[in-house]
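Throughout, a chain's letter reflects where its sequence line sits, starting with A, and its residues are numbered from 1.
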Amino acid sequence: MHFNDSPVVIAQRLVGQLLCRRTRDGLCIGRIVETEAYLSEGDTAAHSTRGPNRKNACMFGPAGRAYIYTIHARQCVNVVTERQGIGSAVLIRAVEPLTGVPLMQRRRGTIHLRNLCRGPARLCEAFQIGRDLDGWDLTRGKRLWIADESCDLSANVVCSPRIGVTSAEDLPLRFFVNRSGFVSGTRKQTSIHH
DNA sequence: AAAACGATCTACT
DNA sequence: GTAGATCGTTTTG
């Protein structure tokens with residue numbers, strides 16, 4: 001999968017894909033169930049809206065890199081979209097835990113599956129995604145990457161059975177598109193179902 | 001230097 | 001459903 005496309009398109013395409021993370025502690029995989037697009041133009045909620053700076057620089061980098069930011073003393077992960085110089089990205093809002101559940105539970109300090117990876121900061125804690133991965137190339141299949149759901153992971157992965165949808169509202173697969181005619185992060189406006 | 005803010009989370013009702 | 005916590009960054013005096 002390539003990410004050099006509009007964040008709206010990528011936000012839709014990412015839903016259903018696998019977020020993969022390998023550390024010395026083990027492998028974690030989650031199915032992406034909720035995303036949100038941040039546009040390069042006319043989107044005042046996007047961190048790129050006031051141009052590049054030290055913190056958001058990765059947003060203006062090549063597509064397929066990670067943009068990680070801190071908020072409320074927590075981390076959130078985005079997939080950078082569009083060509084270098086364009087500041088757009090897709091926030092990963094929730095994943096369904098598939099592999100490495102005990103490790104996630106340890107990191108999160110809870111055993112409750114529903115709360116493991118529901119929310120952009122929660123999933124980062126479960127996957128141990130920190131600022132050290134800001135700018136990481138997500139297409140290289142190391143440490144942190146996105147895998148197509150159809151790809152064969154059986155070589156080194158044994159996926160647990162489906163646990164059930166863990167998105168915030170327990171809805172089927174969905175994505176959010178930020179402002180500019182679509183939806184904001186509050187979840188109180190119209191959402192687009194997939 | 002102090003205050004306000006935020007693409008959030010937890011605990012509690 | 002919402003108050004309170006959290007802390008780095010930005011804004012204000």
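- Look at CG on A:L91: it is 11 Å from C1' on B:dT8, rounded to the nearest Å.
- Not one side-chain nitrogen or oxygen of A:R74 sits closer than 4.0 Å to the OP1 or OP2 atom of B:dG6.
- Across all strands, A:R131 comes closer than 4.0 Å to no nucleic acid atom at all (heavy-atom distances).
- When distances run from any side-chain atom of A:P120 to the nucleotides C:dT9, C:dT6, B:dC9, the shortest one goes to B:dC9.
- The separation between A:N56 atom CG and C:dG8 atom C1' is 15 Å, rounded to whole Å.
- The distance from atom CD1 of A:I68 to atom P of B:dG6 is 23 Å, rounded to the nearest whole Å.
- Taking the 5.5 Å centre cut-off and the 30° plane limit, the aromatic side chain of A:Y38 is classed as stacked on B:dA7.
- If you take NZ of A:K55 and P of C:dC7, they are 15 Å apart, rounded to a whole angstrom.
- At a cut-off of 3.5 Å, with distance as the only test, a side-chain donor of A:S88 or A:E82 sits close to an acceptor on the other residue.
- Look at A:E125 and A:R107 and you find no salt bridge, because none of the NZ, NE, NH1 or NH2 atoms lies under 4.0 Å from a carboxylate O.
- Of all nucleotides present, only B:dG6 satisfies the Watson-Crick or G-U wobble test against C:dC7, with each distance under 3.5 Å.
- No engagement by A:N115 is indicated, since no non-hydrogen atom pair under 4.0 Å with the nucleic acid exists.
- Remark: P of C:dC7 and CD of A:Q75 are 12 Å apart, rounded to the nearest angstrom.
- A:N78 places its CG atom 14 Å from the C1' atom of B:dG6, with the value rounded to the nearest Å.
- When all heavy atoms are compared, the tightest approach of A:L123 to A:I92 is CD2-O, 3.5 Å.
- OP1 or OP2 of C:dT11 lies within a sub-4.0 Å distance of a side-chain N or O belonging to A:R50.
- Side chain of A:I71, nearest nucleotide from C:dT11, C:dT6, B:dG6: B:dG6.
- A straight line from OH of A:Y69 to P of C:dT6 spans 20 Å, rounded to a whole angstrom.
- Nucleotide B:dT8 holds its P atom 15 Å from the CD1 atom of A:I92, rounded to whole Å.
- Among B:dC9, C:dG8, C:dT9, the nucleotide with an atom closest to any side-chain atom of A:A121 is B:dC9.
- Ion pairing of A:D25 with A:R106 is absent here, as no side-chain N (NZ or NE/NH1/NH2) approaches a carboxylate O to less than 4.0 Å.
- You'll find the side chain of A:T81 stays beyond 4.5 Å of the side chain of A:D5, heavy atoms only.
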